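Take a look at the structure set out below.
Predicted model only: the values in this text are computed from it and were never measured.
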Number of protein chains: 2
Amino acid sequence: MAEQRLNARARLQQAAVQLFRDRGFDGVTAAEIAARAGVTERTFFRHFPDKREVLFDGQAILVEALTSSIADAPEYMGPIDTLFRAFRSVTQLLEDNRSFSKPRQEVISATPALHERELMKLAALSDALATALKARGVPDLQAALAARAGMAAFANATLAWLEDEAQGLGARLDLNEEALRSLF
Amino acid sequence: MAEQRLNARARLQQAAVQLFRDRGFDGVTAAEIAARAGVTERTFFRHFPDKREVLFDGQAILVEALTSSIADAPEYMGPIDTLFRAFRSVTQLLEDNRSFSKPRQEVISATPALHERELMKLAALSDALATALKARGVPDLQAALAARAGMAAFANATLAWLEDEAQGLGARLDLNEEALRSLF
DNA sequence: TCTCTCCTTGTCAGTCACTGACATTAGCCT
DNA sequence: AGGCTAATGTCAGTGACTGACAAGGAGAGA
């Protein structure tokens, strides 16, 4: 039973994705997810503050990877370059997780409530990037705007790549960076 | 009672803002809002699909004003210029509503669930702007990125101006536009 | 004026997300 | 064995939201 204990959280996440894919987010109750994972509804809510959150758990790693890349960037590098350097540093990480991310993203895209939560996570990520840029001496306003604009490009690229993997994530990033720069 | 009928929605919104300000979003039940407005909880949910939505009702006017400004912009004007022209065209509208917007924004900022919903509304607004830009012949990718970047600046400006009206909304927009352009 | 119809609201019962309080169990340390 | 800690189970309750049905008021038309 030791194994059961340690994996309850992971089992809940896995059960949730499967059930959501089959019957949709609203067609599944928290109790059902818990039951399939072999635990109680109460345990579900001990691991996740709400039903949506079961789908959003990997963000921390991404934040860490991106912010540390920003911190490590050469001093002279401007905010936009720094950001795209960071985005490119995590392409491998994301590509390794594609088989997880794909079904997850399908569920999210199909459910307004989940899309809402996703926007929140992206905003938090954006804020983290802005903070990392400020630590490099970028003025507050520029940092915030660069982070938002960059995140838009990054999110764009990731979504397009998840929908159609014909082009790699790197190529999608190139397209988005070029389009962004062409605006100014 | 005819008057009551027609204004139920407006009374609910007003009651909601007052109660939220006093006791916080989570400290107020939908039934209480309804009671103060002189109707039933069920009626509350007939007017608003959920409790949060009672605070988000003016967006349609803003979308209309911004998109029509984009449509009316001179042909030769680039996407960023077009967007900021649109933002400037609604400054008066926003400034007239400041006394409404201020308390509303305070409640939203204090409540994660409401902040989440606000991000959703901003994303929808951003999508509307992107669509309006595409109608002018701006390529899809550029339109989407310009809209997101522009919205970031617009939202930034509006929030700063709501927190401190020392500088007008126009001045805040100037600052944000300049900061955004300086990135590239 | 009477009546028919539409629109809004009230009433009621039910589901489900989420929470606090308390009991229980498993594994680990001594 | 005995006790400590962390994770889980149990139970009862609150509040958001929904579907079904009834009721009342306003306006259109006979």
*5'-most by nearest nucleotide on DNA chain C - A:F45 or B:R42*: B:R42
*Between B:R181 and B:D81, is a salt bridge (charged side-chain N to carboxylate O under 4.0 Å, His left out) present by the stated rule, with each step listed?*
CA-CA 11 Å; B:R181 302 196 112 105; B:D81 289 327; 3.0 Å; yes
*Is the distance from OP1 or OP2 of C:dG10 to the nearest side-chain N or O of B:T43 less than 4.0 Å?*
yes
*Cation over ring, A:R104 on A:F20, under 6.0 Å and within 45°?*
no
*Atom CZ of A:F44 and atom C1' of D:dT10: how far apart are they, to the nearest Å?*
19 Å
_Interatomic distance where CZ belongs to A:R52 and P belongs to C:dC18 [whole Å]_ = 8 Å
*Rounded to the nearest Å, what distance is computed from the CG atom of residue A:D50 to the P atom of nucleotide C:dC16?*
17 Å
*Between A:R46 (CZ) and C:dA23 (P), how many Å, whole number?*
14 Å
*Look at the side chain of B:T29 and decide which nucleotide, out of D:dC17, C:dC18, D:dA16, has an atom nearest to it.*
D:dA16
_N/O (side chain, B:H47) to phosphate O (OP1/OP2, C:dT8) under 4.0 Å_ = no
*Round to the nearest Å and state the distance from B:R9 atom CZ to C:dC7 atom P.*
17 Å
*A:E165 vs A:R172, side-chain contact (heavy atoms from CB on, under 4.5 Å): CA-CA, chis, key distance, verdict*: CA-CA 10 Å; A:E165 62 179 331; A:R172 298 286 189 182; over 6 Å; no
*Does a side-chain N-to-carboxylate-O contact under 4.0 Å join B:K121 and B:E53?*
yes
_Parallel, tilted or perpendicular: ring planes of A:F44 versus A:F48, cut at 30 and 60 degrees_ = tilted
*Interatomic distance, A:F25 CZ vs C:dC16 P [rounded to whole Å]*: 13 Å
*Tell me: CG of B:L12 to P of D:dC17, nearest whole Å?*
14 Å
*Taking atom P of D:dG15 as reference, at what distance in whole Å does atom CZ of B:F48 sit?*
21 Å
*Per A:V39 side chain, nearest of listed nucleotides D:dA16, D:dG9, C:dG10*: D:dG9
*Are B:T40 and C:dT9 close enough that a side-chain N or O sits under 4.0 Å from OP1 or OP2?*
no
